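Data first, discussion second: the structure below is written as structure tokens.
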Amino acid sequence: MCGRSSLTKNEKELEERFNATFYSDELESYNPIPNFNVAPTHYMPVITSSDPEHIHIFRWGLLPFWSKDEKIAYKMINARVETILEKNSFKKAVQSRRCLVPMDGFYEWKRSGKEKLPYRIVTTDQEIFSVAGIWERWKSPEGKEIYTFSVITKPPNEIMEGIHDRMPAILLPEQEKLWLDEELPAQEAIQLITDYPANNMKAYRVSKRVNSVKENDKTLIEAIPENNNTLF
DNA sequence: CCAGACGTTGTT
DNA sequence: GTCTGG
DNA sequence: CCAGACGTTGTT
DNA sequence: GTCTGG
């Protein structure tokens with residue numbers, strides 16, 4: 001799960017939400033704004049434990065610092081909270097390189113028979129919410145430096161159960177500071193990940209146009225009727 | 001000791 | 001089926 | 001996550 | 001880098 005999201009708020013709204021500022025030179029890589037169809041490999045805003053006063057722009061898809069193969073990032077877009085402490089690729093990062101991944105919605109595909117239909121899920125009590133993530137600095141053999149991140153996933157809460165069996169680890173606002181606290185041991189940090197209250201979330205069908213990463217406009221986040229399978 | 005993997009999702 | 005790209 | 005490619009030789 | 005398997 002969690003291979004597609006949205007972040008349709010502008011830079012100013014993000015700065016106010018996280019009480020942090022962008023570096024102007026990094027902003028150039030953040031594109032498009034707003035993004036109605038965030039996909040793996042996109043450069044997106046994150047707030048890191050090492051520099052929480054600023055919003056950095058990192059690439060979605062974790063590259064472990066020891067990796068020689070850049071392609072492994074395609075398989076590292078998610079990290080399971082249940083096993084993150086045990087995995088070579090994640091254990092170091094969850095100890096000292098945690099981050100917040102801002103979203104204003106995420107997409108999940110619900111399987112019904114042969115068909116997979118996309119849903120958008122949002123929080124109703126927060127305009128922008130944070131998903132728990134981890135990040136890495138990677139250097140290619142040629143010396144190219146890339147900063148990447150992975151989104152942590154967890155079992156579904158009440159509202160997600162009918163749609164999919166995984167969901168992103170949405171943090172309660174009051175847990176965000178702790179998640180970024182490097183003094184907090186990883187074992188305790190992952191306990192901050194709990195069920196987001198289902199009555200503060202809502203899910204609705206969206207057009208299948210979201211399937212294609214080439215599509216990116218405001219109509220992607222519009223609701224379509226549940227019983228309409230053919231027109232979109 | 002060295003070599004080789006290091007991941008998730010979904011589907012079977 | 002499996003990998004790569006977005 | 002989904003979509004789209006997946007190959008070589010030789011010629012322009 | 002670090003763990004697992006042989």
Side-chain angles (χ1 to χ4, degrees), chain A residues 1-7 29-44 57-97 101 103-122 131-141 144 146 148-156 160-170 186 190 193 203-217 220-221 229 232:
Chain A
M1 133 66 220
C2 210
R4 220 66 82 77
S5 64
S6 64
L7 186 58
S29 60
Y30 177 22
N31 209 357
I33 310 168
N35 196 334
F36 299 92
N37 200 352
V38 179
T41 71
H42 285 185
Y43 282 82
M44 295 299 294
I57 311 290
F58 289 0
R59 195 177 77 180
W60 187 4
L62 196 83
L63 273 171
F65 63 95
W66 41 260
S67 179
K68 290 184 185 69
D69 183 9
E70 202 175 331
K71 288 173 190 124
I72 195 162
Y74 292 112
K75 302 172 180 176
M76 301 283 190
I77 64 171
N78 292 147
R80 295 172 69 93
V81 67
E82 298 96 320
T83 53
I84 196 169
L85 293 175
E86 303 157 16
K87 302 294 183 182
N88 282 340
S89 303
F90 303 140
K91 53 178 19 165
K92 276 278 177 56
V94 75
Q95 184 57 252
S96 53
R97 288 183 297 278
V101 183
M103 299 181 189
D104 67 358
F106 61 92
Y107 298 102
E108 294 288 354
W109 280 258
K110 175 178 177 173
R111 177 170 294 277
S112 68
K114 273 184 207 163
E115 268 225 305
K116 288 180 87 171
L117 300 174
Y119 284 71
R120 182 167 186 256
I121 299 94
V122 298
V131 173
I134 52 179
W135 63 276
E136 285 276 5
R137 187 182 77 146
W138 184 80
K139 248 180 142 174
S140 75
K144 182 173 58 166
I146 303 180
T148 61
F149 68 93
S150 186
V151 167
I152 298 177
T153 66
K154 63 180 288 300
M160 291 304 302
E161 268 169 356
I163 300 173
H164 198 67
D165 61 354
R166 303 294 295 171
M167 68 179 286
I170 307 173
I190 63 166
I193 294 169
Y204 59 90
R205 274 266 322 270
V206 293
S207 166
K208 282 174 80 169
R209 288 191 302 110
V210 77
N211 288 14
S212 173
V213 294
K214 293 177 201 141
E215 300 279 352
N216 205 316
D217 63 78
L220 293 182
I221 65 172
N229 291 352
F232 294 90

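Values in this document were obtained by computation on a predicted structure and should not be read as measured data.
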Self-check item: Nucleotide nearest A:Arg166 when distance is taken to its side chain, options B:dT9, D:dC1, B:dC6
Solution: B:dT9
Residues 58-72 of chain A side chain polar contacts: donor-acceptor under 3.5 Å, at least two apart:
from    : atom 1 : to      : atom 2 : distance (Å)
A:Arg59 : NH1    : A:Glu70 : OE2    : 3.4
A:Trp60 : NE1    : A:Ile77 : O      : 3.1
A:Ser67 : OG     : A:Asp69 : N      : 3.2
A:Ser67 : OG     : A:Asp69 : O      : 3.1
A:Asp69 : OD1    : A:Lys71 : N      : 3.0

Quiz item: Looking across every strand, which nucleic acid part, if any, lies under 4.0 Å from A:Thr83 by heavy atom: base, sugar-phosphate, or nothing?
Solution: sugar-phosphate
Quiz item: Phosphate oxygens OP1/OP2 of D:dC2: is one of them under 4.0 Å from a side-chain N or O of A:Ser212?
Solution: no
Practice problem: Using only side-chain N and O atoms of A:Arg80, determine if any of them is under 4.0 Å from OP1 or OP2 of B:dT9. | Solution: yes
Holding to side-chain contact (heavy atoms from CB on, under 4.5 Å), I want the full list of residues that pass it with [X], two or more places apart in sequence or in another chain.
X	answer
A:Ala93	A:Arg97, A:Ile134, A:Glu136
A:Lys75	none
A:Lys91	A:Asn88

Quiz item: P atom, B:dG7 versus E:dT2: distance in rounded Å?
Solution: 15 Å
Quiz prompt | DNA chain C base-pair string [pairs: Watson-Crick or G-U under 3.5 Å; |: paired with another strand] | solution = ||||||
Quiz prompt | Sequence-aligned protein contact record of nucleotides 1-6 of chain C, with B where the base is within under 4.0 Å of a protein heavy atom and S where only the sugar-phosphate is | solution = ---SBB
Exercise. List the steps and the verdict of side chain to side chain contact (heavy atoms under 4.5 Å, CB included) for A:Cys2 and A:Met167.
Key: CA-CA 6 Å; A:Cys2 210; A:Met167 68 179 286; over 6 Å; no
